[in-house]
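Below is one structure, written out as structure tokens, with a few remarks after it.
All of these numbers come straight from a predicted model, not from anything done at the bench. Counting begins at 1 with the first residue of the sequence. Side chains are part of it too, since the values below use all heavy atoms of this structure and drop only hydrogens, waters and symmetry mates.
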Amino acid sequence: LKVLVSLDYPPFSDGTLEDAWGYDVAVSQELADRLGLTLELVPVSRESIIQVLACEPASTVSEEEPPDQQGDVAIAALAITEERDEKVDFSSWYYVGNQAVVTLDGAYQSTTEFDAKKTRVAVVKGSTCLETAQALTDEKLIVEYSTARRCLQALQAKEVQAVVLDLPVASYLIEDEFKGMRILERIMTGEAYGVAVPIQSIHLKDAVNKALEEMEEDGTLERLEDEYVKQSY
């Protein structure tokens with residue numbers, strides 16, 4: 001089972017191919033085991049993972065990605081959206097997430113203090129956090145970076161005044177790597193994350209859904225979530 005992942009998004013997935021870890025990696029392994037397949041992780045940047053899975057023309061994919069880099073499914077903390085659903089199909093949800101606004105300690109008391117003419121906000125390119133950022137500041141002041149770590153590095157360097165990330169990612173990185181920052185506000189988006197599969201892969205989608213249903217019923221998803229995600233915040 002070739003699974004496209006983004007290995008720079010802890011606690012969902014991080015590390016190298018040799019020591020990859022995280023909730024999405026664990027779900028991928030469990031899914032492969034239940035389908036009777038060997039797991040092969042294929043690292044892809046978050047901004048291009050949908051395009052790679054959908055086999056869109058190379059011109060629409062990041063130049064860093066080999067044009068022949070493809071997978072059977074993508075498991076990468078992908079919120080199910082109408083825009084994405086036009087390019088790929090999705091399984092039933094396996095996680096429901098929220099977002100967070102991150103600032104430097106003491107910089108703000110509330111997002112109501114943001115100045116739509118001055119406050120620069122960073123997001124991961126291609127993420128649904130863009131919509132949240134658009135409600136916080138002028139769209140011209142939103143800066144997109146390739147990874148969550150790069151977003152927080154920009155905040156650290158005061159290139160931006162705030163960052164919008166998925167809540168578990170923000171919590172993990174602040175606790176583990178980026179001191180002097182705080183979660184200013186939690187945004188309760190309730191986004192459902194699904195396993196992305198190529199359009200018209202009906203049998204594969206059915207098999208994935210059956211395995212996810214079993215994982216939900218026997219407590220595996222809850223156990224893995226407790227192990228990797230909930231401990232981060």
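The main-chain N or O of Val25 is never found under 3.5 Å from a side-chain atom of Gln29 such that the two would form a donor-acceptor pair. In terms of modelled atom types and a separation under 3.5 Å, the side chain of Thr119 and the main chain of Asp115 share a donor-acceptor contact. In terms of modelled atom types and a separation under 3.5 Å, the side chain of Asp19 and the main chain of Thr16 share a donor-acceptor contact.
Remark: aromatic rings of Tyr9 and Trp21 are distant, center separation not under 6.0 Å. Between Tyr95 and Phe12, the distance separating the two ring centers is shorter than 6.0 angstrom.
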Side-chain donor-acceptor pairs under 3.5 Å in residues 75-83, sequence neighbours left out?
from  : atom 1 : to    : atom 2 : distance (Å)
Thr81 : OG1    : Arg84 : N      : 3.1

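Looking only at atom types and distance, the side chain of Arg186 has no donor-acceptor partner in the side chain of Ser171 under 3.5 Å away.
In terms of heavy-atom proximity, Gln161 sits nearest to Thr103 at O-CG2, 3.7 Å. In this structure, Leu141 and Ala116 approach most closely via the heavy-atom pair CD1-O, 3.5 Å. Between Cys151 and Val160 the shortest heavy-atom distance is O-CG2, 4.4 Å.
Applying the ring-ring contact (aromatic ring centres under 6.0 Å, His included) rule to pairs touching residues 123-171 yields nothing, sequence neighbours excluded.
Counting heavy atoms from C-beta outward, Tyr172 and Pro11 have side chains that approach closer than 4.5 Å.
Checked options Arg46, Arg149, Arg150; the residue passing with Asp8 is Arg149 (criterion: side chain to side chain donor-acceptor pair (under 3.5 Å)).
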